[in-house]
Novice: 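Handing you a structure now.
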Amino acid sequence: MRANTTLRAVIFDVDGTIADTERHGHRVAFNRTFEQTELPDRWDERLYGELLKVTGGRERLLYYFKDKRPAPPKNPEELAAKLHKIKVAEFGELVRRGGLPARPGVKRLLDDLEREGILQAVATTGTRGPVLDLLSALGSERAQRFTAVLTADEAPDKKPDPQVYEMALTQLGLPATDTIAIEDSRNGLLAAVAAGIPCLVTISDYTVDQDFSEAALVLSSLGEPDAPARVLHDPLGVINSDQAIVDTTLLRTLHEQAALRKTS
Ligand code: XBP
Ligand code: MG
C-alpha cells in the first residue's frame, strides 16, 4: 500500500540537532554572563543537564532562581531578563568565532534535500540573532536556502508547545503531513508531534536517556558515509540494519511509513 502524501519539507530544530550547542555553547555563555555581572553562580555540566528540562534561556534562568539557587534574587523576572540579554550576546560571540560546528551529516543532508527539491525550514526556541549566526556558519549558500526560520522571537510559547512548528507550517504553506521534523530532545519531539509532524530524533549527549517513544525513528546522529549513525529505535521498520545514513531516500520512506501508520 502507498500513502497519499509527498515529503515536501524538512523542519530542523537547531540546538542539539544542527549543532551541539548546549554544553560548550549556551552553558559557557551563561557562565560568562554570571562572571561579567559579578554574580557567584556557575553552572557545571551536571547542573546544566538538569536545567535543560526547561526550554528557553530566560525561562531556564527563572527555573534556576526558583528551584536550584540557594538564595533566590529579589526580582527574578527583572534579573533573568537582564542576564538573558547579555547571555544572548555572549553566545552569538561564541558562534561567530566558529566554536560550534555542525553535527555529522547536517550539511550533507541539507545539500541532498536541495538537490531533490525538498524545502528546508527551522523551528527553534532559541533567540533569532544567534540562530541566524549558527545557520550562517553552515555556509552562506545553505543559510539562504531555508524557506522559513521560526525562532523564539516569533513564537514565544516554547517547546513542548507546538506554536513554533505551527508557524513554520504556515510559512511553508504546507500541511503537517507533507513534512518531517528533526529534533534531539523530548520537548522538541513533543512539540513536533503535537503539531502533527512525524519526527526523527538524533539524540545529543544531554538527551540520550530521554523517552522518545513517540518518535518515528531514533538515531545517534544523521550519519556520514564513513561514520554511520547507530539505530536506537525503529518502530516503523524502515532500516534493516543497526546502522544508518540519513538521506532523502530514507526520509521519503520514513515519511511514507509514518503516514501509513496514521491512516491504519
Ligand atoms: C533549545 C533551548 C534554547 C537554548 C537557549 O531548545 O532551550 O532555549 O538552550 O537559547 P530547542 P536562548 O533545541 O528545543 O529549540 O538563550 O536563546 O533562549
Ligand atoms: Mg534541541
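All of these numbers come straight from a predicted model, not from anything done at the bench. Order of listing sets the numbers, starting from 1, for every ligand and every atom in it.
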Novice: Looking only at heavy atoms, what is the nearest atom pair of Ala244 and Val231, with distance?
Specialist: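 Taking Ala244 first and Val231 second, the nearest heavy atoms are CB-CG2, 4.0 Å.
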
Novice: Starting from atom 17 (O) of ligand 1, what is the nearest protein heavy atom, named by residue and atom, and what distance separates them?
Specialist: Thr127 OG1, 2.7 Å

Novice: For the Mg ion (ligand 2), find the closest N/O/S atom on Asp15 and give its atom name.
Specialist: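 This turns out to be O.
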
Novice: Got an N/O contact under 3.5 Å between Asp184 and ligand 1?
Specialist: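 N/O-N/O distance below 3.5 Å does not exist for this pair.
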
Novice: What protein heavy atom is closest to atom 6 (O) of ligand 1, reported as residue, atom name and distance in Å?
Specialist: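 Going by distance alone, atom 6 (O) of ligand 1 is nearest to Thr125 OG1, 3.0 Å.
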
Novice: So which protein heavy atom does atom 12 (P) of ligand 1 come closest to, and at what separation?
Specialist: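 I find the closest protein heavy atom is His84 NE2, 3.4 Å.
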
Novice: Which atom, counting only N, O or S, brings Asp13 closest to the Mg ion (ligand 2)?
Specialist: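 Looking at Asp13, the N, O or S atom with the least distance to the Mg ion (ligand 2) is OD2.
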
Novice: Is the shortest heavy-atom distance from the side chain of Thr207 to the side chain of Phe212 under 4.5 Å?
Specialist: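 A side-chain contact under 4.5 Å exists here.
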
Novice: Between the Mg ion (ligand 2) and Asp184, which N, O or S atom of the residue is the nearest one?
Specialist: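 In Asp184, the heteroatom (N, O or S) nearest the Mg ion (ligand 2) is OD1.
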
Novice: Does ligand 1 have an atom that lies less than 4.0 angstrom from a heavy atom of Gly188?
Specialist: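 No.
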
Novice: Give the residue and atom name of whichever protein heavy atom lies nearest to atom 14 (O) of ligand 1, and the separation in Å to one decimal.
Specialist: Lys159 CD, 3.4 Å

Novice: Can you tell me how the ring of Trp43 sits relative to the ring of Tyr64, calling it parallel under 30°, perpendicular over 60° and tilted otherwise?
Specialist: perpendicular

Novice: Does Thr124 have a non-hydrogen atom less than 4.0 Å from ligand 1?
Specialist: yes

Novice: Mark up the atoms of ligand 1 that fall under 4.0 Å of a heavy atom belonging to Glu22, in ascending order.
Specialist: 1 (C), 2 (C), 4 (C), 9 (O)

Novice: Which residue and non-hydrogen atom of the protein lie closest to atom 10 (O) of ligand 1, and at what distance in Å?
Specialist: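 For atom 10 (O) of ligand 1, the nearest protein heavy atom is His26 CE1, 3.5 Å.
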
Novice: Quick one: pull up CG in Asp15 and OG1 in Thr55 and give me the separation to the nearest 0.5 Å.
Specialist: 10.5 Å

Novice: In this structure, does ligand 1 have an atom that sits under 4.0 Å from one of the heavy atoms of Gly56?
Specialist: yes

Novice: If you measure from OG1 on Thr21 to CZ on Arg103, what distance do you get to the nearest 0.5 Å?
Specialist: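 Separation between the atoms: 10.0 Å.
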
Novice: Return the residue, atom name and 0.1 Å-rounded distance of the protein heavy atom closest to atom 3 (C) of ligand 1.
Specialist: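 Scanning the protein heavy atoms, the shortest distance from atom 3 (C) of ligand 1 goes to Asp15 OD2, 3.6 Å.
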
Novice: What are the two closest heavy atoms between Ala29 and Lys87, and how far apart are they?
Specialist: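 Scanning both residues completely, I find the closest heavy atoms to be CB-O, 3.8 Å.
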
Novice: Does the plane of the ring in Phe12 sit parallel, tilted or perpendicular to the ring in Phe146? Use 30° and 60° as the thresholds.
Specialist: perpendicular

Novice: Is the terminal nitrogen or CZ of Arg23 (NZ for Lys, CZ for Arg) located under 6.0 angstrom from the six-membered ring centre of Tyr206 and within 45° of that ring's axis?
Specialist: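 Relative to the ring axis of Tyr206, which defines the angle, Arg23 lies inside both limits.
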
Novice: I'd like to know if Arg230 and Asp242 make a salt bridge, using a cut-off of under 4.0 Å between side-chain N and carboxylate O.
Specialist: no

Novice: To check your reading of the model: name the closest protein heavy atom to atom 13 (O) of ligand 1, its residue, and the distance in Å.
Specialist: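 Of every protein heavy atom, Asp13 OD1, 2.8 Å lies nearest to atom 13 (O) of ligand 1.
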
Novice: If the cut-off is 4.0 Å to any non-hydrogen atom of Gly126, which atoms of ligand 1 fall inside it?
Specialist: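 Every atom of ligand 1 under 4.0 Å from some heavy atom of Gly126: 10 (O), 17 (O).
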
Novice: Give the residue, atom name and distance (to 0.1 Å) of the protein heavy atom nearest atom 18 (O) of ligand 1.
Specialist: Gly57 N, 2.7 Å

Novice: Is it true that Asp44 and Arg27 have a side-chain N and a carboxylate O under 4.0 angstrom from each other?
Specialist: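 Looking at Asp44 and Arg27, the cut-off is not met.
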
Novice: Is there a heavy atom in Arg60 that sits closer than 4.0 Å to ligand 1?
Specialist: yes

Novice: May I ask you to decide whether Lys82 forms a salt bridge with Glu78, counting only side-chain N to carboxylate O separations under 4.0 Å?
Specialist: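 Salt bridge absent between Lys82 and Glu78.
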
